[in-house]
Amino acid sequence: MANPSILILAGDGIGPEVMGEVKKIITWYGDKRGLSFDVSEDLVGGCAYDAHGTPLTDATMAKAQEVDAVLLGAVGGPKYDKLDFSVKPERGLLRLRKEMDLYANLRPAQCFDALADFSSLKKDVVAGLDIMIVRELTSGVYFGEPRGIHKEGNERVGINTQRYTESEIARVARSAFELARKRNNKVCSMEKANVMESGILWRDVVQEIHDAEYPDVELSHMYADAGAMQLTRWPKQFDVIVTDNLFGDLLSDLAAMLTGSLGMLPSASLGAPMANGRPKALYEPVHGSAPDIAGQGKANPIACILSFAMALRYSFSELAEADRLEKAVEKVLADGLRTADLMGPDGGTPVSTSDMGDAIIAALDASL
Ligand code: IPM
Ligand code: MG
């Protein structure tokens with residue numbers, strides 16, 4: 001059988017540096033675990049604009065549709081701030097999400113024991129935290145029509161549209177319920193049914209799917225603003241949170257910061273199964289391109305490495321190997337290795353991006 005295929009789109013800023021460490025880990029799996037991948041690489045974001053005048057070429061888009069998994073680093077940077085909206089680096093990422101129809105965005109917020117002191121919240125509020133935000137990723141106000149800026153009389157009007165169909169809500173709700181069954185069997189759905197019709201529909205459909213297909217899962221509903229408040233008050237009350245594209249964008253940043261370390265958090269964006277049974281999938285760290293530290297060996301590669309662990313889990317069904325990689329990350333943190341973003345209350349041993357990757361590989365070796 002052919003090796004599973006991976007397309008690497010390292011992107012801009014620290015993207016290429018953190019992806020460099022993932023490449024070492026991919027090589028390790030081939031050498032030491034007989035898990036070989038056919039890896040190809042291409043451009044996305046500002047670097048694609050520099051090379052081709054577009055943040056994502058049709059050829060790259062076509063490749064992304066064919067591979068078993070896409071690994072993305074990060075896109076954007078100040079150099080591209082003045083570009084026309086239609087060719088901004090982010091448009092490349094949004095096109096990938098939309099055209100691959102990656103409707104379920106999984107954003108775990110997990111607090112590593114070694115880093116429980118890093119949160120801005122009290123240690124007992126975050127220690128042991130392990131929640132999963134499932135964000136709808138291909139619809140809602142990000143893509144709804146009409147949209148645009150037009151003139152009405154003497155002034156400009158900006159319009160975006162929040163639009164959800166029943167089937168769009170139903171499929172992401174199913175993703176959340178399926179995940180909950182493998183975790184602590186609890187889903188909280190967040191919307192603004194008190195002010196938005198799309199929120200009323202969201203609440204109804206999630207409840208219907210629950211009652212018809214997942215009555216064994218504990219379901220609650222919360223207004224998204226109250227959800228934000230509860231996430232900071234006592235986040236451990238949640239297991240899986242399912243929410244729309246925009247609320248999910250906000251709430252996942254909030255949840256990420258609870259853990260005290262944005263440089264640690266991975267994500268998976270999943271779509272429908274392909275002919276080979278694997279879901280359409282793109283994996284990326286939650287953090288951005290961090291142009292201020294790019295090229296200095298300061299970036300934390302862990303979010304990108306854990307994104308590859310999610311690929312092992314969700315695309316390649318290598319659950320034991322995903323666990324192995326996650327344990328290796330826990331081990332180096334417990335040993336006190338700290339990239340610049342993690343230099344906090346406990347001191348620790350400062351390491352560079354590549355030192356961190358090498359240490360994780362040494363921990364993988366030790367796990368054999
Ligand atoms: C994210 C980011 C993106 C989003 C941007 C870069 C388009 O904030 O992945 O959360 O808004 O979805
Ligand atoms: Mg965001």
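As the structure lists them, so they are numbered: ligands from 1, and atoms in each ligand from 1. Just the heavy atoms: all of them, side chains too, but no hydrogens, waters or symmetry mates, feed the values below.
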Practice problem: For residues E208 and E166, determine if any side-chain heavy atom of one lies less than 4.5 Å from a side-chain heavy atom of the other. | Solution: yes
Quiz prompt | Note, E136 side chain near N105 side chain (heavy atom, < 4.5 Å) | solution =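 E136 does not reach N105 side chain to side chain.
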Salt-bridge present ([X], [Y]; N to O < 4.0 Å):
| X | Y | answer |
| --- | --- | --- |
| R163 | E145 | no |
| D58 | R95 | yes |
| R97 | E284 | yes |

Quiz item: Is the NZ or CZ atom of K192 positioned over F247's six-membered ring, under 6.0 angstrom from the centre and within 45° of the axis?
Solution: no
Practice problem: Answer yes or no on whether R171 is positioned over the face of Y164, meaning its NZ or CZ is under 6.0 Å from the six-membered ring centre and within 45° of the axis. | Solution: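 Verdict for Y164: no cation-pi partner in R171.
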Practice problem: Could you pull out all residues at least two apart from D211 that satisfy side-chain hydrogen bond (donor to acceptor under 3.5 Å, both in side chains)? | Solution: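 For D211 the side-chain hydrogen bond (donor to acceptor under 3.5 Å, both in side chains) partners, ignoring immediate neighbours, are Q207.
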Can you pull every nitrogen or oxygen pair between ligand 1 and the protein closer than 3.5 angstrom?
unit_1, atom_1, unit_2, atom_2, d
ligand 1, 8 (O), D249, OD1, 3.3
ligand 1, 9 (O), R97, NH2, 2.7
ligand 1, 9 (O), R107, NH2, 2.8
ligand 1, 10 (O), R107, NH1, 3.0
ligand 1, 10 (O), R107, NH2, 3.1
ligand 1, 10 (O), R135, NH1, 3.2
ligand 1, 10 (O), D249, OD1, 2.9
ligand 1, 11 (O), Y142, OH, 2.5
ligand 1, 12 (O), R97, NH1, 2.8
ligand 1, 12 (O), R135, NH1, 3.3
ligand 1, 12 (O), R135, NH2, 2.8
ligand 1, 12 (O), Y142, OH, 3.4

Quiz prompt | For the Mg ion (ligand 2), every protein N/O/S atom that sits closer than 2.8 Å, waters excluded | solution =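 Under 2.8 Å from the Mg ion (ligand 2) - ignoring waters, which are not counted - the protein N, O or S atoms are D249 OD1.
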Quiz item: What pairs of residues pass the salt bridge (Lys or Arg N to Asp or Glu O under 4.0 Å) test when at least one of them lies in residues 11-32, not counting sequence neighbours?
Solution: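 Output for this query lists E21-K24, K23-E41, K24-D358, K32-D365.
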